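Single-structure report; data block below.
Because the structure is predicted, anything quoted here is derived from the model rather than measured.
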Amino acid sequence: MKDFFLQLTEKLAEITTLKWIDEDMGQLDFYETRPPVVFPCALVDIELPDCTDLNTTEQNVTARITLRLAFEPTGQSNTAAPDATRQRSLTRWETVDAVFNLLQGWNGTTFTELSRRTQVTEKREDKYKVIQQVWETTFIEAVTVAGD
């Protein structure tokens, strides 16, 4: 898991508009104060919702990756706002699209192609915009023996 996390976060670092990439440890849950991140950011959580035994030491694993792409507000997006203001306000979608373009179909030597499963906007009480993407991949995980 550690290696997969490192590969994924290094891949996300190719998107230069992302200023903070980290494991999701609840950093955006600070409703009283500014979250301890730099915006825009990508927070990563990895779950293994489906693991099937291949034999006594190996499993076929489905990994579910949740990316929370978070942005500070940058202006108004309503149709009455000046065009330059609207364009600046909507630049977050360029980053969201960049993440999709980078990760959709990306694979490594130890995991299959990533596939985006869902993308939703979180409903929040603060001013931050958070787009949540859920991705899936599969890999074989084997029991490791000390010294391997």
Side-chain angles (χ1 to χ4, degrees), residues 1-77 86-148:
M1 289 289 293
K2 176 182 169 184
D3 289 339
F4 178 69
F5 175 83
L6 292 171
Q7 289 179 60
L8 178 61
T9 54
E10 288 171 15
K11 187 70 172 172
L12 286 168
E14 294 177 21
I15 301 174
T16 58
T17 55
L18 289 172
K19 303 301 181 198
W20 187 270
I21 302 166
D22 197 0
E23 185 175 10
D24 192 341
M25 304 290 285
Q27 297 94 319
L28 299 177
D29 299 335
F30 290 83
Y31 289 105
E32 301 298 321
T33 61
R34 179 180 171 80
V37 298
V38 178
F39 291 99
C41 70
L43 300 176
V44 179
D45 189 47
I46 302 171
E47 299 175 304
L48 306 179
D50 186 24
C51 303
T52 305
D53 288 342
L54 297 174
N55 55 50
T56 58
T57 61
E58 294 181 310
Q59 287 190 318
N60 188 39
V61 176
T62 297
R64 180 178 301 137
I65 302 98
T66 301
L67 296 181
R68 296 174 75 200
L69 306 171
F71 305 87
E72 287 183 294
T74 53
Q76 299 176 354
S77 60
R86 290 184 78 203
Q87 293 298 325
R88 184 178 60 251
S89 173
L90 297 172
T91 59
R92 70 178 165 272
W93 293 110
E94 295 168 10
T95 301
V96 172
D97 291 344
V99 171
F100 172 75
N101 290 331
L102 182 71
L103 295 184
Q104 180 66 32
W106 173 65
N107 67 319
T109 57
T110 58
F111 59 93
T112 63
E113 294 84 3
L114 267 68
S115 177
R116 183 180 62 183
R117 296 301 186 198
T118 64
Q119 178 174 303
V120 298
T121 301
E122 293 181 11
K123 304 299 182 217
R124 299 181 58 87
E125 296 180 15
D126 58 20
K127 62 183 177 180
Y128 303 105
K129 189 74 163 179
V130 180
I131 311 297
Q132 184 182 107
Q133 294 180 338
V134 175
W135 297 82
E136 285 188 357
T137 186
T138 59
F139 57 87
I140 305 295
E141 187 168 35
V143 172
T144 57
V145 179
D148 282 354

Rounded to the nearest 0.5 Å, what separates atom CD in Glu94 from atom CG in Asn101? 11.5 Å
In Å, rounded to the nearest 0.5 Å, how long is the span from CD of Glu141 to CG of Leu54? 11.0 Å
Check whether any side-chain heavy atom of Val143 sits under 4.5 Å from a side-chain heavy atom of Thr56, and report yes or no. no
So, does Thr57 use its side chain to make a donor-acceptor pair with the main chain of Ala142 at under 3.5 Å? no
According to side-chain hydrogen bond (donor to acceptor under 3.5 Å, both in side chains), who are the partners of Thr121, at least two apart in sequence or on a separate chain? none
Closest non-hydrogen atom pair between Ile140 and Asn60, with its separation: CD1-OD1, 3.6 Å
Spell out, as yes or no, whether a donor-acceptor pair under 3.5 Å connects the side chain of Arg124 to the backbone of Leu28. yes
Is there a side-chain contact between Gln104 and Ser115, using heavy atoms and a 4.5 Å cut-off? yes
Contact summary for Gln27 and Asp22, nearest pair of heavy atoms: NE2-OD2, 3.2 Å
Evaluate the side-chain contact (heavy atoms from CB on, under 4.5 Å) criterion for residues Glu23 and Val44: first the C-alpha distance (whole Å), next the side-chain angles of each, then the deciding distance (0.1 Å), finally the verdict. CA-CA 5 Å; Glu23 185 175 10; Val44 179; 5.7 Å; no
Return the CD to OG1 distance between Gln59 and Thr138, rounded to the nearest 0.5 Å. 13.0 Å
In short, Pro73 meets Lys127 closest at the heavy-atom pair CD-O, 3.4 Å
Indicate yes or no for a side-chain donor-acceptor contact from Gln119 to the backbone of Ile131 under 3.5 Å, with no hydrogens or angles considered. no
Rounding to 0.5 Å, atoms CZ (Arg92) and OG1 (Thr17) come to a distance of 13.0 Å
Whether over 12 other heavy atoms sit under 6.0 Å from Trp106 CH2: yes
Closest heavy-atom pair and its distance - Leu48, Met1: CD2-SD, 3.8 Å
Is the closest side-chain heavy-atom distance between Ile65 and Leu8 below 4.5 Å? yes
Scanning both residues in full, the closest heavy-atom pair of Thr137 with Glu113 reads OG1-O, 4.1 Å
Inter- and intrachain pairs under ring pair (Phe, Tyr, Trp, His ring centres under 6.0 Å), touching residues 33-69, at least two apart: Phe39-Tyr128
Nearest 0.5 Å please: distance from the OG1 atom of Thr118 over to the CZ atom of Arg64. 8.5 Å
Working note: Thr112 + Asn107, criterion side-chain contact (heavy atoms from CB on, under 4.5 Å); need CA distance, chi angles, decisive distance, verdict. CA-CA 5 Å; Thr112 63; Asn107 67 319; 5.6 Å; no
What distance do Glu14 atom CD and Leu103 atom CG have between them, rounded to the nearest 0.5 Å? 9.0 Å
Contact summary for Val38 and Trp20, nearest pair of heavy atoms: O-CB, 3.1 Å
Evaluate the side-chain proximity of Thr110 to Phe4: yes if any heavy-atom separation is below 4.5 Å, no if none is. no
Check step by step if side-chain contact (heavy atoms from CB on, under 4.5 Å) holds for Val96 and Gln133. CA-CA 9 Å; Val96 172; Gln133 294 180 338; 3.7 Å; yes
For Glu136 and Thr62, what are the C-alpha separation, side-chain angles and deciding distance, and is it a side-chain contact (heavy atoms from CB on, under 4.5 Å)? CA-CA 7 Å; Glu136 285 188 357; Thr62 297; 4.1 Å; yes
